[in-house]
Protein chains: 2
Amino acid sequence: MAYTYDYPRPAVTVDCVVFGLDPTDCLQVLLIQRWLDPFAGQWALPGGFVRHQEGLVQAAHRELREETGIADLFLEQLQAYGQPQRDPRGHTVTVAFYALVNLWNYQVRAATDAKQARWWPMDRLPALAFDHDVIVQDAIATLRTTIRHRPIGFELLPAKFTLTQLQRLYETVLARPFDKRNFRKKLLKLDILVALDEKETNVAHRAAQLYRFDQAKYLERQQTEFNFDL
Amino acid sequence: MAYTYDYPRPAVTVDCVVFGLDPTDCLQVLLIQRWLDPFAGQWALPGGFVRHQEGLVQAAHRELREETGIADLFLEQLQAYGQPQRDPRGHTVTVAFYALVNLWNYQVRAATDAKQARWWPMDRLPALAFDHDVIVQDAIATLRTTIRHRPIGFELLPAKFTLTQLQRLYETVLARPFDKRNFRKKLLKLDILVALDEKETNVAHRAAQLYRFDQAKYLERQQTEFNFDL
DNA sequence: GCAAAAGTGTTCCCAGTACACCCATGT
DNA sequence: ACATGGGTGTACTGGGAACACTTTTGC
């Protein structure tokens with residue numbers, strides 16, 4: 001089968017920078033090991049060619065499902081990369097996405113996947129294929145700005161979480177410490193968290209209050225010129 | 001001539017949302033009228049197909065030069081749009097850019113261009129071809145956030161400008177009033193503007209001090225955790 | 001001299017920051 | 001009883017917001 005066009009066309013791919021928060025509070029990126037040339041054996045972002053009549057977001061979700069088994073995750077476009085030399089096979093434009101997953105659900109799955117997918121700590125990534133190192137750096141920068149302005153951090157945590165978990169998440173992503181009292185004051189005043197009738201269990205210290213993020217409340221506040229801004 | 005591939009490929013285009021500031025302080029968008037189907041006769045964003053081995057930014061600049069005569073302008077990627085139905089001719093992915101020009105230079109040029117390019121006031125755009133209305137709305141949203149965090153507003157003004165012009169620019173883009181004294185205080189304290197040895201001339205009122213934006217100073221400040229944030 | 005915009009300082013308030021101790025739970 | 005993290009309040013400070021009059025220029 002062949003497909004013919006009047007003018008040359010670049011290939012179009014999608015690539016995903018998937019972030020997950022380790023139980024030890026280290027931000028991880030999901031990579032897959034390439035089988036085929038170019039860059040056989042090297043690590044790369046999960047992704048692949050956009051199919052005929054397939055949307056970009058749809059393609060990103062499909063590739064993630066196929067290559068890592070992950071479905072139903074937060075996924076948003078980063079930007080397109082189109083330097084003509086970025087792929088040695090020929091002119092290829094890739095649309096990069098960044099995604100956030102709750103590692104409490106997916107931790108085992110990806111590690112044992114047949115396609116050799118693995119989580120790597122953000123600050124100790126291996127050499128990456130193509131221009132994927134640039135894409136990862138851009139994704140980290142975007143994650144850092146976005147997490148300060150929109151409540152996407154919750155995507156990295158389980159549905160029920162403690163304020164300390166949330167604080168550590170912000171400290172990890174932004175690589176800077178927060179004052180415990182000020183952090184709690186700020187977040188509770190935003191009035192987008194709901195205290196559950198539940199506490200931590202089986203911890204060797206005072207059990208912490210569990211909270212959940214209230215999307216509906218956030219959307220209300222959203223209207224009335226309110227800003228998240230951590 | 002024909003080009004053949006093993007798998008179908010979407011076409012790849014670029015589209016540019018070019019903003020200019022009218023002398024009457026109205027934000028304008030540059031549109032071109034289409035000659036050919038689909039959407040013949042309708043207004044659309046300047047743009048077109050990415051050529052073989054051509055970078056995305058390069059393609060955007062080329063199309064702008066060809067279709068509107070504008071060169072050397074601020075241009076940054078917005079995002080890619082790839083809904084399969086967005087182009088009736090077939091699966092087409094477009095990478096959208098937004099651009100800023102100083103209308104004091106380009107005002108006449110675009111209006112008299114052979115390809116029927118025209119500036120339209122942002123709030124009274126005609127119906128647009130493809131999904132270009134969505135792209136324009138996204139570009140406006142991005143412009144509004146970006147102009148508050150990075151000093152890109154100066155791209156819309158002549159090299160020498162008054163503080164009142166700058167204030168009106170922000171008021172126009174953000175569609176909200178600023179207090180004159182507070183605005184000046186804030187901007188001058190940032191220390192990225194340089195007062196010139198020059199004043200306005202031929203105005204029927206007290207002549208205003210002219211300033212220019214000092215890119216070098218901005219880059220210095222940039223390092224030392226300083227934020228623009230208007 | 002009048003119309004039109006330039007230019008300039010002070011007060012108030014809120015939000016961010018810094019900071020230290022007691023409490024609950026499991027071992 | 002002890003180790004571990006959970007949970008809480010206050011004082012200070014700096015930046016944003018509100019606000020009105022004098023100055024300069026061309027006509």
Protein-proximity profile, nucleotides 19-27 of chain D, B/S/- by nucleotide at the 4.0 Å heavy-atom cutoff, equals BB--BBBS-
Test: A/Arg124 cationic atom under 6.0 Å from A/Trp120 six-membered ring centre, within 45° of axis
no
Would you confirm whether the ring centroid of A/Phe19 sits within less than 6.0 angstrom of the ring centroid of A/Tyr98?
no
A/Phe161 and A/Phe154 aromatic centres sub-6.0 Å:
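Distance test on ring centres: under 6.0 Å, yes.
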For the pair made of [atom1] in [X] and [atom2] in [N], what is the distance, rounded to whole Å?
X        : N      : atom1 : atom2 : value
A/Leu187 : C/dT17 : CG    : P     : 13 Å
A/Leu188 : C/dA15 : CG    : P     : 15 Å
A/Tyr211 : D/dG7  : OH    : P     : 6 Å
B/Leu190 : D/dG14 : CG    : P     : 18 Å

Given A/Met122, which partner from the list A/Ile140, A/Val173, A/Leu143 fulfils the side chain to side chain contact (heavy atoms under 4.5 Å, CB included) test?
A/Ile140
Does C/dG7 have OP1 or OP2 sitting under 4.0 Å from an N or O in the side chain of B/Arg184?
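Checking B/Arg184 against C/dG7: at least one side-chain N or O falls below 4.0 Å of OP1 or OP2.
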D/dG15, OP1 or OP2 - any side-chain N/O from B/Lys186 closer than 4.0 Å?
no
Flag the pair A/Arg144 / A/Thr142 as yes when at least one side-chain heavy-atom distance between them is below 4.5 Å, and no otherwise.
no
Using heavy atoms and a sub-4.0 Å distance, could you list which residues of residues 160-178 of chain B are near DNA chain D? By number, please.
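The stretch gives none, as no residue of it lies under 4.0 Å from the strand.
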Sidechain-backbone polar pair: [X] side chain, [Y] backbone, donor-acceptor under 3.5 Å:
X       : Y        : result
A/Thr94 : A/Thr13  : yes
A/Gln28 : A/Gly20  : no
B/Gln77 : A/Ala80  : yes
A/Gln33 : A/Ala117 : no

To the closest 0.5 Å, what do you measure between CD (A/Gln215) and CD (A/Gln222)?
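The CD atom of A/Gln215 sits 9.5 Å away from the CD atom of A/Gln222.
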Return the angle between end axes of the helix from C/dG1-D/dC27 to C/dT27-D/dA1, with five pairs used per end and rounding to 10°.
0°
Strictly below 4.0 Å, N to O, side chains only: are B/Arg148 and B/Asp229 in salt-bridge contact?
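Here B/Arg148 does not pair with B/Asp229 in a salt bridge, since their nearest N and O are not under 4.0 Å apart.
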Heavy atoms under 4.0 Å, any strand shown: does A/Glu200 hit a base, just sugar-phosphate, or nothing?
nothing
